[in-house]
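So that the names make sense, note that chain A is the first sequence line, chain B the second, and so on, each numbered from 1.
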Amino acid sequence: MDSNDLFALPSDAGGDGHLPLLNGLNDEQLAAATLEGGHALILAGAGSGKTRVLTTRIAWLLQTGRATPGGILAVTFTNKAAKEMLTRLSAMLPINVRGMWIGTFHGLCNRMLRAHYKSANLPQTFQILDTQDQLSAIKRLCKQFQVDEEALPPKQLQYFISGCKEEGLRPSDVQARDMAERKKVELYQLYEDQCLREGVVDFGELMLRSYELLRDNAPIRQHYQHRFRHMLVDEFQDTNRLQYLWLKQLAGEMVGGQFQSHSSVIAVGDDDQSIYAFRGARVGNMQDFVREFEVRQQIKLEQNYRSYSNILDSANALISHNSNRLGKNLRTDQGPGEPVRVSESATDMAEAQWMVEEIKSLIKSDGFARSEIAVLYRSNAQSRILETSLFNAGVPYRVYGGLRFFERAEIKHALAYLRLLENPHDDTSFMRVVNFPPRGIGARTTEQLQEGAQAAGCSLYDAVTAVAGKAGTKLQSFVAMIDVLREETQGKTLRETIERMLVVSGLIEHYQTEKEGADRIDNLGELVTAAESFVTQEGFGRDAVAIPLDEQQAMGVPGSGQSPVSQGLDPDAPLLDTPLPDAANPAIVNPDTGETLSPLVAFLTHAALEAGDNQAQGGQDAVQMMTVHASKGLEFDVVFIGGLEEGLFPHENAMTDTGGLEEERRLMYVAITRARKRLYLSTSQTRMLHGTTRYNVRSRFLDELPETALKWLTPRHSGFGSGMGSLAYGGGGGGGRSSGGGYGDSAPSMWGKTPVPVQKAEPAHGIKKGANVFHNKFGEGKVLAVEGTGDDARAQVNFPRHGTKWLALSVAKLTVV
DNA sequence: CCTCGCTTAGTTTTT
DNA sequence: CTAAGCGAGG
C-alpha cells in the first residue's frame, strides 16, 4: 500500500503548510505528523525518524491549535523514550510540558490511580512493588500457606500472577483446568488480598487497576475519553493484551457491537522489531488495532537515515525470511558504503581477540570514538570473555545491563525504611529491614510475628505488641525507632528525612564497619542527592507540580484557548477525588486533581517506576557492550555482532516455542540496523559453554544475508563440520566462497589459496591421528582425529582425566610427546 | 549471626 | 565454568 495514494498531503486548510517545525520532513513523515481524522497505524522502520515524527506531531497539534497540552496523551515503554520525547518537544516549542500526559504506560497508570485513588479503592499513599519486592511478597505468602516450594516455586507463581494480570485476568476470570492450576489461582487470590491489606501494588496491578477503573467507572472513563482527543503510542508492537485494552477504554465505547471513538489514536510501531513476545508483547495488537479501530490510514516510514545500503540490504534480506510480516523495506540515499565484514574464528577466545584488535585499529587508524563502537551479543554470558580481552588490551569499555541504582541492596534497604514511615503496614518492607542492620531479631522471632499477624489479620507492624518476652522487646524497640523517626521527620524536607533515617536506622554505621561498605555508603549519599534533585529539579516538578489554568492557556499557542477540541485540565471536575491537604510537608500538587502529595511518597513512587540507569560506570569515552535487546533504539557508527552460531543466535531455547525462530531473526534484524557506517559479524567454531567446549555450526542468519553486501575476512566454509557429515546446517552449500571478488584480501596470506578439501591438507602443525600430545591444562592425551587447515585446524583429543575434547590448534598449545 | 561449602542452573527485560 | 542461593555448622 502506498501511503501517498492514501493521503493527500495536508491541503493546508488551516494555513499551516509552512510551519517551520515541519521543515525537513519527507513526504511520509509529513503525512504521519499531520494526520487528521481518526486512527492511524504508522509502520516505522528502524532509523526512519520515528521519534521525530511523534514529537513533530505533538508540536504541530499544539501549534495549530488542534489540541491543548492537556488533550494529549503519549505513551511509551521506557522512561528513556518518554524523556527523549519531552526533551525534543521542549526544544521545538516554548511550552510547558507539565500538563501533558507523556510517559510510560505504568507512569500514566500511576498518575491516574493517584488522581482517583478512592474510586480505585487504593490508599492515597499506595506503594509500588518492583519485581524483587513482588517475589519476596510471594515467598512470604507461600511460607504462610505452607506451599510446597518444590511443587510450586515462588518464581513460577510470580510468573503466573504477572501473566494473568497482563492478560487482564483477575483470579475469578482464570479457568483452572487441573489441581495445580487451581492452587495457583487460589494463591493468586491470596496474594491479591495480601497486597490490598498492605496497601501495595505491583507493576501489573498498576495497569490492571487503571484499566478496571476506566472500564467500571463511566464518569471517569468519559472524562478521559473527552479529554484525550489525541493519543500517540510508541513501540506499539511491544504492547501486551492489557495495554491494548487500556488504550481501547480511553479511545472509545462499544455501542451495540460497534466501536465508537471520538479521538485519534496514532500507533507507531515496527512488527519487524518485535522482540519481546517472550514477556507478553503481542504483535497481533497491530492487526487487532487496524481491525477494531477501523484504521483506514496506514503509513510506512521506509526511508532510513541511519545506515548505508549494504547494511540495510543485509537487514532487508534477512527479515524477508520471516513470514507473517506486515511488509516493509528500508531504503537509503546514502549509497552502499562499506561491505558488511564477516569473520569466523576458531574459538571464542580468538573471536574476542580479533574484535579487540579490530577495535583498536578502528580507534587508532580510522579515528572512531570509542563510544561509537558497540559490541552486541545475544546473551549476557558472552560479555565476560570480551571484557577480559578489552581489559587486558587496556581499552575502556562499558557494559550495559547490570544492577540499576534503585535496585541495589543498600538502596532497597533505605527505601524500605522510608516506606515504613509512610505505610507501616507494608510487610515486605518490614521484613526487609526488621533485622537489617542485624539487631538480634532472628528467624524464629519473625516467624512468631507472622503467625501472630495472620491470626489477628493485621500487619506485622501491628502484631508486634502481641509478641511477648525478650523477642517482643527487640521488636518493640524496632517499631519504636520507626515511630520516633516518623515523628521527628514530620515537616522536614525530604533530604533531612533521608539523612536522619540513614543515621537512626543504623545503616550508615553498619556499612562503615563492613569491609566493602564504602561503595555502599557512597550510594546512600547518592540517594540523598537523587532525592534532592528530584524535589528541586524537573524530575518531580515536571510530573506533579500544578500549573495554573491561565498558564496552560498562555503556553499554548494562538487559538488554543478557543480551539474546538480544547479540554484543558479541569481540576473542578466532580469525578475527581477530593483533595487531602498535607499541611506538614511542602505541598506538591497533583496537576490533575490539585491534591497535595507528600514529597516522600512521590519520591518512593519515582524510585519504583524509574529504577535508574542500568549502566555500570558512566563518564569517559568507552566501547559500548550490551545485549541485542538492550541495543534497541540505539545506534552506533560501528557495530560488532558476536556469537553468530546455531544454538546461540538463534538461541536454542527460542527454537522450541512457535514463532521462536522468527523472533530470533527479528532480533538479528534489530542488531544489524543499529549500525550506521560499519558492521562486523562474527562467528566462532567453538565456544566454552557451561564449562565444556562446544562445537557450533555457523548461524543460519549468516547464510540469509546477500552475498554482494558481504566481505568475508576469513574463508567461508560450506558449513562447519561438513567434513564429518554431521552438524552442517543445510543452507550453506552453494552459498559461495568469496574468493573471486577481491574479498578476503585482508586475511592472512595462507588463505588466499584455493580451498583444499579438508582431510587432505598437509598438517603444518605436525599433529597426527594416534599421536600422544601434551596440553598445559588437560595433561597428556591421545589424538583421535585431525581436521581443517591453518587457523581452522583442530584435533580431537582424548584426555584420560578430562574426557574427549576438540581443540583448535591455532589456540590450544599442543606438543607432541 | 555469619561463613563456608555444596548444589544447581545457566536467554532476552521494562515497568 | 561460575555465580547465586541455600543449608549446616561454628
Side-chain angles (χ1 to χ4, degrees), chain A residues 75-82 103-110 128-135 139 149-150 153-155 159 162 165-166 201-208 210 234-235 238-240 242-243 274-281 348 376-385 388 400-404 406-407 409 435-445 510 514-515 605-614 626-633 643 647-657 660 663-664 666-668 670-671 687-694 777 802:
Chain A
V75 61
T76 63
F77 268 86
T78 63
N79 292 300
K80 204 174 149 195
T104 62
F105 276 102
H106 294 85
L108 297 184
C109 287
N110 172 65
I128 298 164
L129 299 183
D130 67 15
T131 313
Q132 279 178 46
D133 299 331
Q134 188 191 25
L135 185 61
K139 278 184 178 164
E149 297 205 356
E150 294 279 282
K155 267 251 168 71
Y159 180 80
S162 304
K165 290 191 181 186
E166 278 170 11
V201 300
D202 59 40
F203 286 133
E205 187 69 21
L206 228 35
M207 260 330 299
L208 182 51
S210 174
D234 192 18
E235 305 280 16
D238 288 338
T239 49
N240 63 35
L242 179 58
Q243 285 156 345
S274 156
I275 55 174
Y276 286 113
F278 74 91
R279 67 168 196 218
D348 48 355
L376 310 183
Y377 34 81
R378 176 71 227 298
S379 64
N380 283 306
Q382 288 167 255
S383 77
R384 171 170 288 267
I385 190 161
T388 312
Y400 284 75
L403 257 196
R404 294 160 39 247
F406 286 112
E407 288 168 357
N435 197 33
F436 193 93
R439 45 176 74 88
I441 301 173
R444 194 157 41 247
T445 310
H510 174 80
E514 202 185 51
K515 41 190 185 297
T605 302
H606 164 80
L609 288 179
E610 207 168 331
D613 286 342
N614 63 351
M626 66 196 80
T627 63
V628 180
H629 281 95
S631 76
K632 195 178 167 200
L648 230 201
F649 200 178
H651 199 280
E652 54 196 349
N653 294 1
M655 309 292 272
T656 49
D657 34 287
E663 178 145 324
E664 292 291 302
R666 291 193 293 269
L667 206 44
M668 180 69 183
V670 168
R687 195 170 290 276
M688 277 293 257
L689 199 66
H690 309 336
T692 46
T693 303
R694 259 187 48 168
K777 201 164 166 193
H802 299 87

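Within the 4.0 angstrom heavy-atom criterion, only backbone atoms of the sugar-phosphate kind lie near A:I441; the bases stay farther away. Residue contacts shown for A:E664 include a base, since a base heavy atom lies under 4.0 Å away. Across all strands, A:F278 comes closer than 4.0 Å to base atoms (heavy-atom distances). Residue A:A611 is out of contact with every strand shown, counting any heavy-atom pair closer than 4.0 Å. Residue A:D130 is out of contact with every strand shown, counting any heavy-atom pair closer than 4.0 Å.
Applying the 3.5 Å distance criterion, the base of B:dT15 shares a donor-acceptor pair with the side chain of A:T131.
Residue A:S379 is the one, among A:S379 and A:A608, whose nearest nucleotide of DNA chain B lies closer to the 5' end (criterion: closest heavy atom). For the pair A:F105 and A:H690, nearest-nucleotide mapping onto DNA chain B gives the more 5' position to A:H690.
Nearest to the side chain of A:P438, among B:dT15, B:dC2, B:dT11, sits B:dC2. When each of B:dT13, B:dT15, B:dT12 is scored by its nearest atom to the side-chain atoms of A:R378, the top-ranked nucleotide is B:dT12. In the set B:dT15, B:dC1, B:dT13, B:dC1 carries the atom at the smallest distance from any side-chain atom of A:N435. Closest approach to the A:N653 side chain among B:dT13, B:dT11, B:dT15 is made by B:dT11 (side chain taken as heavy atoms from C-beta onward). Which of B:dT15, C:dC6, B:dT13 sits closest to the side chain of A:K139 comes down to C:dC6.
A sub-4.0 Å separation between OP1 or OP2 of B:dT13 and a side-chain N or O of A:N380 is present. When the side-chain nitrogen and oxygen atoms of A:R439 are compared with OP1 and OP2 of B:dC1, none of them lie within a distance under 4.0 Å.
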